[in-house]
2 protein chains.
Amino acid sequence: MGHLPTTARGRATRARILESAADLIQRRGVAAVTLDDVERAAGVGRSQLYHYFDDRDDLIRSVVHSTVDTVLAAQEPLLLEVDSPAGIDRWFDAIVANGTRQDAVGGCAIGSLASQLSGRDDLTRQAFVDAFARWEAPLIAGLRRMQESGELRPDVDVTELADLTMAAIQGGLLLAQVRRTPDQLRLALRGARAALEDALTPLS
Amino acid sequence: MGHLPTTARGRATRARILESAADLIQRRGVAAVTLDDVERAAGVGRSQLYHYFDDRDDLIRSVVHSTVDTVLAAQEPLLLEVDSPAGIDRWFDAIVANGTRQDAVGGCAIGSLASQLSGRDDLTRQAFVDAFARWEAPLIAGLRRMQESGELRPDVDVTELADLTMAAIQGGLLLAQVRRTPDQLRLALRGARAALEDALTPLS
DNA sequence: CCTGCTCTGTACTTTCCAATACAGAGATTC
DNA sequence: GAATCTCTGTATTGGAAAGTACAGAGCAGG
């Protein structure tokens, strides 16, 4: 890992590099982004890149971590409320809305990176394992609260339900990316929603 | 597109190039595969590559088409029988088995390519739209037969059910690739299976 | 101010890899 | 069996992009 900045200016520069790189990668894919591109987009020189990052691979890894943090931070408020059907609906709606943004190519920022890079080395793959685990944790916690409060049948495995939901999200986003329409994402989420419905306790 | 081979030897060489390239790409990702790699793996010289393909991009496009054909051909016998719960189970089992193969990194050959390349140009993206459509068609047809025979409720939208299933498969395979375990794939498919179960006519 | 640090700008070197050139081997037709 | 295709091997070129060198600017503490 390259030098971490100590001054405010340094932090701003490093952040700007990561932001630009993440944006470019998100749009064009990891392979199609050169260091020159990043420099131009971030308005920095070559020396800055190598001041803050060891090499290109280090930059990519940093982008992965940064992207994961950004995505999770953006969803955090919603993820804390996934302990009711209504809360889950709000979360799903946000995912659909995000996947429908005009500027977005569609697809999941994390999922896209994962399928591009998880075959690279085990360290990188592990980063995605962690990312998905962090993403799933609040969902599992929310479902567990629902189970404890009696909303969810006690015999359902909440981790399985969460895994199933994550798979639906990822698959839906991938197909939405290919077809450039959120329809299939909506359907996939509806499927996950149905699985949740099944796990609810029959109306008391 | 480069010259199509006219002799048996030529066909064998072209096929060997495509096979090696597809294998390398599947394992390392499109970006990490060089023409030298392909040459070495296929045991051919540089001139062969440029004899059968215009340039690198043409080779990649050809790999995409070839991969789609291979995957669909491999599943064809099972896909023709997805007109009963048992047939669908057999299909799902095959997908899980395929994702669990020792040599396979996991992930869907088509899905991985799609998320790497669908952002490239519209022509490439369209290839994946077609691929998924071709893949989904026999499933839709099977479900429709089930509906006509009364096995499936008449009010369910079979294309929605098929879309949902494809999303589950893709998401499950992506997560299986990241976690290197088929567990999540199995769960995702179980979710799709449950959605199907819901659509069956209540036991007569 | 001056000393030592972090940070930045530019020009250069090196490596890698796609693409080409060209000659030679193998096949096919008449 | 000569002529002309298709196919193959090796060596080279050209360009792009990663990585390096080094000097200079900005900013702290004494």
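No hydrogens, no waters, no symmetry mates; every other heavy atom, side chains included, goes into these values.
Shown here is Glu160(A), whose CD atom has more than 12 heavy atoms of other residues, nucleotides or ligands within 6.0 Å. Within a 6.0 Å sphere centred on CZ of Arg193(A), heavy atoms belonging to other residues, nucleotides or ligands number more than 12. Around the CD atom of Glu19(A), the shell of radius 6.0 Å holds no more than 12 heavy atoms that belong to other residues, nucleotides or ligands.
Remark: P of dC7(D) and CZ of Arg16(B) are 13 Å apart, rounded to the nearest angstrom. With rounding to whole Å, Leu4(B) atom CG is found 12 Å from dT6(D) atom P. As a whole-Å value, the separation of Asp57(A) CG from dA18(D) C1' is 11 Å. Rounded to whole angstrom, the span from the CG atom of Asp54(B) across to the P atom of dT20(C) amounts to 10 Å. Rounded to a whole Å, the CG atom of Asp36(A) is 13 Å from the P atom of dT10(C). Here dA19(C) presents its P atom at 5 Å from CG of Asp55(B), a figure rounded to the nearest Å. Going from atom CD of Gln48(A) over to atom P of dT20(D) covers 16 Å, rounded to whole Å. Summarising the geometry, the separation between CD1 on Ile60(B) and P on dA18(C) is reported as 9 Å, rounded to the nearest angstrom.
If you check dC7(C), dG19(D), dT10(D) against the side chain of Pro5(A), the one that comes closest is dC7(C). Side-chain proximity of His51(A) to dG26(C), dA18(C), dT8(C): nearest is dT8(C). The side chain of Thr6(B) lies closest to dC7(D), out of dC7(D), dT20(D), dA11(D). The side chain of Arg56(B) lies closest to dA18(C) when the candidates are dG19(D), dT8(C), dA18(C).
Side-chain atoms of Ser20(A) and Asp23(A) include no donor-acceptor pair closer than 3.5 Å. Side-chain contact, Trp135(A) with Gln75(A): a donor N or O sits under 3.5 Å from an acceptor N or O. Between Asp69(A) and Ser66(A), the side chains place no donor N or O within less than 3.5 Å of an acceptor N or O (distance only, hydrogens not considered).
Of all the heavy atoms in Ala109(A) and Val71(A), the pair that sits closest is CB-CG2, 4.1 Å. Residues Arg56(B) and Ala31(B) come closest through the heavy atom pair NH2-O, 4.2 Å.
Comparing the axis of the opening five pairs of the helix from dC1(C)-dG30(D) to dC30(C)-dG1(D) with that of the closing five pairs yields an angle of 10°, rounded to 10°.
The side chain of Thr13(B) contributes no N or O atom lying less than 4.0 Å from OP1 or OP2 of dT6(D). For dC7(C), the OP1/OP2 oxygens have a side-chain nitrogen or oxygen of Thr7(A) closer than 4.0 Å.
Residue Ser47(B) is classed as a base contact, given a heavy-atom separation below 4.0 Å to a base. At a threshold of 4.0 angstrom between heavy atoms, the contacts of Thr34(B) are confined to the sugar-phosphate backbone, with no base atom among them. Here Arg9(A) lies in heavy-atom contact (under 4.0 Å) with sugar-phosphate atoms only. Among the protein residues, Tyr52(B) comes within range of the sugar-phosphate backbone only, with heavy atoms under 4.0 Å from sugar or phosphate atoms but none that close to a base.
At a cut-off of 3.5 angstrom, the base of dA11(D) holds no donor-acceptor pair with the side chain of Arg46(B).
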